[in-house]
Amino acid sequence: MTNLEKYNEAFTESFGVTAEQLPNLEYQGIPEWDSVGHMQLIAALEDAFDIMFDTDDIIDFSSYEKGKEFMSKYEVEL
Amino acid sequence: MKVQQFTTPLLASNMYLLEEDRRGIIIDPCGGSLSGIAAVCEGVDYILLTHEHYDHISGTNALRERYDCPVLCSEACGQRIQSSTHNFSRYYEAYATVQTGEPVPEGILPVEEYFTHADEVFSGEHQLSWQGHSLLLTETPGHSPGSICILVDGNLLFSGDTLLQGEVAVTRFPGGSRRQYEQVALPYLRALPDDTIVYPGHYGAFRLGEHKIKNWRK
């Protein structure tokens with residue numbers, strides 16, 4: 001599985017969405033991505049890539065696309 | 001027996017102090033002050049944790065040190081409170097910020113990561129006798145793996161986050177399980193009498209029979 005597939009899987013499994021829905025997905029854009037869902041997503045990404053997000057990055061991880069930028073900070077190339 | 005409730009300013013988590021004859025039991029040490037407890041009790045005999053999340057355990061170390069009393073919780077809770085990832089203290093500021101939509105005010109978060117440990121753990125059920133009262137601790141996983149409910153004298157339920165007024169438990173946090181909630185926690189709650197007084201982990205107390213949740217009690 002590629003890093004992008006693992007990244008996508010964290011979203012699809014956390015929120016029950018399809019891969020086609022991912023490009024425009026934003027925090028609070030769907031009911032499942034609320035504050036609780038946000039922590040689900042963060043935990044799934046940390047598990048998938050064996051990383052630990054900084055607090056500020058967890059707070060600013062506001063969309064599927066924005067999250068991609070953060071992943072490179074943790075040396076995860078998508 | 002008197003029940004005193006202390007509520008934290010952030011996320012409105014409840015700590016309860018049970019007092020009888022100037023002795024106390026603390027449930028979910030997360031709010032209140034040492035002086036506030038000392039005004040009511042000469043000593044504390046137990047600290048009980050309803051589950052492992054940081055907003056319910058943040059005062060555990062300080063109160064154990066002050067009162068030299070054992071911390072008791074489920075085995076799963078006892079394991080998870082030792083990890084800042086599993087007790088969520090590492091995520092607490094971020095969660096509170098995204099949940100409230102505002103930065104956490106300075107001074108509310110004393111630490112970024114928090115660890116503690118239990119002195120006694122149990123699986124399934126555990127019975128305590130204290131100052132003439134009976135406490136039945138029962139594992140009710142779902143909101144978290146380490147969740148329990150505490151039934152005092154058969155009619156006072158300290159439910160942690162397993163039951164909040166008007167809501168079934170949130171089971172989407174990492175480690176939570178809707179299946180476990182439906183298979184273990186819900187049958188336990190459904191079996192309780194309607195006149196049970198519920199002291200939840202957030203917000204105010206309520207009578208179980210008057211609760212919206214009676215819709216799923218049938």
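Just so it is clear, the structure is predicted and the values come from calculations on it, not from any experiment. Order of the sequence lines fixes the chain letters, A, B, ..., with proteins taken first and strands second; residue numbering starts at 1 for each chain.
- Atom-to-atom distance recorded for B/E93:CD and A/I59:CD1 is 5.5 Å, nearest 0.5 angstrom.
- Between B/R90 and A/F53, the shortest heavy-atom contact is NH1-O, 3.6 Å.
- The backbone N or O of B/V98 sits less than 3.5 Å from a side-chain atom of A/Y27, completing a donor-acceptor pair.
- One distance of note links OH of B/Y91 with CE of A/M39; it measures 6.5 Å at 0.5 Å rounding.
- Interface check for chain B: of the options A/D60, A/V36, A/D47, A/D34, the most heavy-atom pairs under 4.5 Å are formed by A/V36.
- When all heavy atoms are compared, the tightest approach of A/G37 to B/R172 is N-NH1, 3.6 Å.
- Applying the 6.0 Å contact sphere to CD of A/E75 captures no more than 12 heavy atoms from other residues, nucleotides or ligands.
- The shortest distance between side-chain heavy atoms of B/Y92 and A/T55 does not fall below 4.5 Å.
- Counted within 6.0 Å of CZ on B/F115, heavy atoms from surrounding residues, nucleotides or ligands total more than 12; the atom is thus considered enclosed.
- Counting heavy-atom pairs closer than 4.5 Å to chain B, the top-ranked of the candidates A/Q28, A/H38, A/M52 is A/M52.
- With a 6.0 Å radius and a threshold of 12 heavy atoms from other residues, nucleotides or ligands, A/D50 has its CG atom at or below the threshold.
- For a residue to count as touching a neighbouring chain, one of its non-hydrogen atoms must lie under 4.5 Å from one of that chain's; by this rule B/V170 touches chain A with the side chain only.
- For the atom pair A/D56 CG and B/T97 OG1, the distance stands at 9.0 Å (nearest 0.5 Å).
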